Amino acid sequence: MRISKLFGKTQREIPAEADTISHQLLLKAGMIHQVAAGVYSYLPLAWRVFKKIENIIRDEMDKVGGQELMMPALQPLELWQETGRDLAFGKGLFILSDRRDRKLALGPTHEEVMAELVSHNVQSYRDLPLLLYQIQTKFRDEPRPRAGLIRVREFTMKDLYSFDTDKDGLNQSYNKMLQAYQNIYARCGLPALLVEADSGAIGGKDSHEFMVITESGEDEIINCPNCQYTANADKAQSIKSKTEDQEPLPLEEVATPGAATIEQVSNFLKVHQNHTLKAVFYVADGKLVFVVIRGDIEVNEVKLKNVLHCSELRLASEAEVIDAGIVAGSASPIGMMGINVVADESITSGANFIAGANKPDTHFRNVNYPRDFKVNLLADIARARAGEECPKCGDKLSSTRGIEVGHIFKLGTFISQKLGAFFIDPNGVSRPIVMGSYGIGLGRLLAAVIEQNHDDKGIIWPLAIAPYPIYLCPLYMESPQVATTAENLYADLESQGLQVLYDDRKESPGVKFNDADLLGIPIRVIISPRTMETNSIEVKRRSEKESELVPIEGIATRLEELIKD
RNA sequence: CGGGGCGUAGCGCAGCUUGGUAGCGCGCAGCGUUCGGGACGCUGAGGUCGGAGGUUCAAAUCCUCUCGCCCCGACCA
């Protein structure tokens, strides 16, 4: 491709709206263009990268026996209502009406359509197992699109679904996919970390995410440097510090004038925050929930949502709390009636806590569970933090941030049951098909590669997914010798099937070098009067500082070698 | 949805407080001189100032409404 004809121009200044590296570089390199919030066009260079990633993914899916098919983005809303997942996705679902006022959803994922399809084509255990996938556009009305291609509202995803007769089969399919995913990331030059995850709106039991560690990542990851326990902070467990053993003392009221927050109360009474219990109020599907947790620990809303089995969860407003007859600032689980009380396991980690008395400016000392109050539900609803102990080995946990570049789920049978995807087992008994779901976002993967592979000059594409592996860069095109050599070499390389980006512009060396670096083409080939003097051509890798001089006759061979590495 | 910010030429910005009919840099076009890390000179094209309404002799500038975009939070595979 001649740069003089290439659609898409590099920019000297970075558009102000971008502050994530991958977003900045994609815009600066002229690879993407924003159409609306979270909606982008891919220009030719980015699209070439995209297609290379797509082919790697397709290859790995096919290798483990996946069969590619294509399902529609446009789906009847009824299908979503059958599984109830229209509620789980809530406002994230794009819904539109057709001319007859029928409601349709733009698919955010395809479990429903897939299960419906399979229900018509699988009758017997002999038809299983099955791995079906597609590479399709998905639509999600994200509350906040951000960071360029990392969180968008329209995106391409490879989604594969596994269908098995039982749990063992599911585990086998799951492990196959896990390996295939590792291969994909490795081939894309992306170190991806496997982490335990929450399954969110997709549902199901076990789920793992693949994370690329980067500061700009949206997700917090908790990990143990000792035993390699790694989990999304939404899901992560930890062992909270225990307070010292104490004999329970009698309950005692204390005046705490003006002290409402945990910080104020613990300062006022001169006790550590881990000796207090705090009350946090949520509204779950319209109902008030009283959450009790140790004062120094934060509530993990994902865990809370899961134990409550609710679809909508938000913090209660002060007015809602007061309306329920609760004294904000001194709320107490003691004597709480007619309201759902959910407590974190941390309330059993010590004795003689400070807690509210449900009277203004008053708290209790020596509150002990279960002596002084009852709860409707006791569960782990605490946010794990760095510095706490690993649930597996007891070592100190640390935390990092990452971008989720893949998510795999063991779904089980809830979707197949709802949509009637059953099979007849060898005993003639009808049973629901056991499903798994495996997603990977292509655009996000592309962006993550840039987050991971760049320097202050620009992108450094891994060879396997670079838009072009070779940047042919003649300097001083006015020199007939340079121009002729460049034209001939370009024609030669093209005829050998090599993909070459040919900078045939009459630009100064500085401009060409900077564009070559910005675009991140792995191998730069320079022809100039200087190299012509020794009848040679200069070859430099984007990832390295040093260049080498190669005799003109040997250049094609040398480039072939470099591309094979 | 809550908080903050921004919409003026393809991109980055100034002008707005104090109304007088739009400017700078980059990029773009032409010519010439340059040229191994974003050269220089000259000439030139390009904007109904996000949109609607209002105030005024006069609005990019003041007022009202509205649309869009970004960031933080909430939320979210």
Side-chain angles (χ1 to χ4, degrees), chain A residues 8-20 23-24 27-28 30 33-39 85 88-93 107-111 138-148 150-153 155 157-159 195 197-204 207-211 216 218-219 232 234-235 282-283 301-302 305 311-317 403-409 411 437-441 444 456-458 473-479 482 505-518 524 526-533 538 540 545 547:
Chain A
K9 284 197 170 68
T10 58
Q11 228 62 47
R12 297 222 175 165
E13 276 157 313
I14 302 163
E17 67 205 35
D19 57 17
T20 307
H23 191 196
Q24 289 177 346
L27 288 170
K28 194 167 185 227
H33 177 79
Q34 179 168 5
V35 176
V39 181
R85 292 208 310 164
F89 270 94
K91 288 188 171 163
L93 203 57
T109 174
H110 282 70
E111 281 83 3
K138 312 282 178 177
F139 299 86
R140 295 187 190 177
D141 196 358
E142 294 289 347
R144 187 147 90 83
R146 77 186 104 176
I150 290 176
R151 184 154 223 98
V152 290
R153 296 191 295 171
F155 58 100
M157 181 164 107
K158 184 287 302 174
D159 46 327
V195 314
D198 181 78
S199 56
I202 298 289
S207 115
H208 286 93
E209 286 166 337
F210 292 87
M211 290 278 189
S216 61
E218 305 182 286
D219 295 284
N232 190 310
D234 289 345
K235 159 99 179 181
Y282 286 91
V283 175
E301 295 184 3
V302 173
K305 199 171 168 180
S311 60
E312 199 206 346
L313 182 74
R314 62 175 171 83
L315 276 170
S317 67
I403 300 171
E404 178 191 347
V405 290
H407 201 157
I408 59 180
F409 305 82
L411 291 177
S437 159
Y438 314 83
I440 188 166
R444 185 183 280 185
D456 56 341
K457 291 286 191 184
C473 188
L475 306 180
Y476 315 110
M477 290 286 280
E478 297 77 7
S479 152
V482 169
R505 299 172 300 172
K506 289 182 172 50
E507 289 286 355
S508 70
V511 171
K512 292 189 172 190
F513 291 157
N514 278 302
D515 276 347
D517 286 346
L518 174 61
R524 189 174 78 192
I526 300 156
I527 303 171
S528 74
R530 193 189 289 180
T531 66
M532 295 280 54
E533 280 173 24
E538 183 180 325
K540 179 184 170 297
K545 260 195 129 67
S547 59

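Model, not experiment: these values are computed from the prediction. Every chain is numbered from 1, with letters handed out A, B, ... down the list of sequences.
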Could you give the distance separating [M] and [N] at their [atom1] atoms, to the nearest angstrom?
{"N": "B:U21", "M": "B:A59", "atom1": "P", "value": "11 Å"}
{"N": "B:C65", "M": "B:U55", "atom1": "C1'", "value": "15 Å"}
{"N": "B:A52", "M": "B:C67", "atom1": "P", "value": "15 Å"}
{"N": "B:C31", "M": "B:A22", "atom1": "C1'", "value": "29 Å"}
{"N": "B:U61", "M": "B:C6", "atom1": "P", "value": "16 Å"}
{"N": "B:G38", "M": "B:G12", "atom1": "C1'", "value": "15 Å"}
{"N": "B:A58", "M": "B:G41", "atom1": "C1'", "value": "41 Å"}
{"N": "B:C16", "M": "B:G54", "atom1": "P", "value": "26 Å"}

Taking a pair as Watson-Crick or G-U wobble with both distances under 3.5 Å, which nucleotide is matched to [N]?
{"N": "B:C11", "answer": "B:G25"}
{"N": "B:C69", "answer": "B:G5"}
{"N": "B:U55", "answer": "none"}
{"N": "B:U48", "answer": "none"}
{"N": "B:C40", "answer": "B:G32"}
{"N": "B:U18", "answer": "none"}

Exercise. Regarding A:Glu209 and A:Ser207, is there a side-chain donor-to-acceptor distance under 3.5 Å anywhere?
Worked result: no
Whole-Å gap separating [atom2] ([N]) and [atom1] ([X]):
{"X": "A:Gln24", "N": "B:C11", "atom1": "CD", "atom2": "C1'", "result": "14 Å"}
{"X": "A:Phe155", "N": "B:C76", "atom1": "CZ", "atom2": "C1'", "result": "11 Å"}
{"X": "A:Leu518", "N": "B:G38", "atom1": "CG", "atom2": "P", "result": "15 Å"}

Exercise. Excluding sequence neighbours, so at least two apart, what forms salt bridge (charged side-chain N to carboxylate O under 4.0 Å, His left out) with A:Arg505?
Worked result: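 Testing A:Arg505 for salt bridge (charged side-chain N to carboxylate O under 4.0 Å, His left out), a comparison that skips the adjacent residues, returns A:Asp503, A:Asp515.
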For this session: Can you check each nucleotide of nucleotides 22-37 of chain B against protein heavy atoms at under 4.0 Å and return B for base, S for sugar-phosphate only, - for none, in 5' to 3' order?
Result: ---BSS-------BBB
For this session: Using a 4.0 Å cut-off on protein heavy atoms (strictly under), produce a 5'-to-3' string for nucleotides 2-7 of chain B with B for base contact, S for backbone-only sugar-phosphate contact, and - for none.
Result: ------
For [X], report the nucleic acid contact type (base, sugar-phosphate, nothing); a contact means any heavy atom under 4.0 Å.
{"X": "A:Lys28", "value": "base"}
{"X": "A:Glu404", "value": "base"}
{"X": "A:Ala147", "value": "sugar-phosphate"}

Exercise. So, for A:Lys540 and A:Lys545, which heavy atoms are closest and what is the spacing to 0.1 Å?
Worked result: CE-O, 3.5 Å
Sequence-distant partners of [X], side chain to side chain contact (heavy atoms under 4.5 Å, CB included), two or more places apart:
{"X": "A:Lys138", "value": "A:His110, A:Gln134, A:Gln136, A:Phe155, A:Met157, A:Asp159, A:Tyr161"}
{"X": "A:Arg146", "value": "A:Arg144, A:Arg151, A:Glu218"}
{"X": "A:Pro509", "value": "A:Leu475, A:Tyr476, A:Phe513"}
{"X": "A:Glu13", "value": "none"}

Problem set entry | A:Gln11 vs B:G38: side-chain N/O to OP1/OP2 distance below 4.0 Å | no
Problem set entry | N/O donor-acceptor pair under 3.5 Å between A:Glu142 side chain and A:Arg153 backbone | no
For this session: Ignoring hydrogens and angles, tell me if any N or O in the side chain of A:Lys91 forms a donor-acceptor pair with the backbone of A:Asp141 under 3.5 Å.
Result: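 Looks like no, no N/O pair under 3.5 Å.
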Exercise. Side chain of A:Ala36: nearest nucleotide among B:C69, B:C72, B:G38?
Worked result: B:C69
Problem set entry | Partners passing ring pair (Phe, Tyr, Trp, His ring centres under 6.0 Å) against A:His208 (at least two apart in sequence or in another chain) | A:Tyr174
Seminar exercise, completed: Closest to the 5' end of RNA chain B, once A:Val405 and A:Thr10 are matched to their nearest nucleotides, is A:Thr10
Exercise. Which sits closer to the 5' end of RNA chain B, A:Glu142 or A:Ala37, going by the nucleotide each is nearest to?
Worked result: A:Ala37
For this session: For A:Gln34, enumerate each residue passing the side-chain hydrogen bond (donor to acceptor under 3.5 Å, both in side chains) test, keeping only those at least two apart in sequence or located in another chain.
Result: none
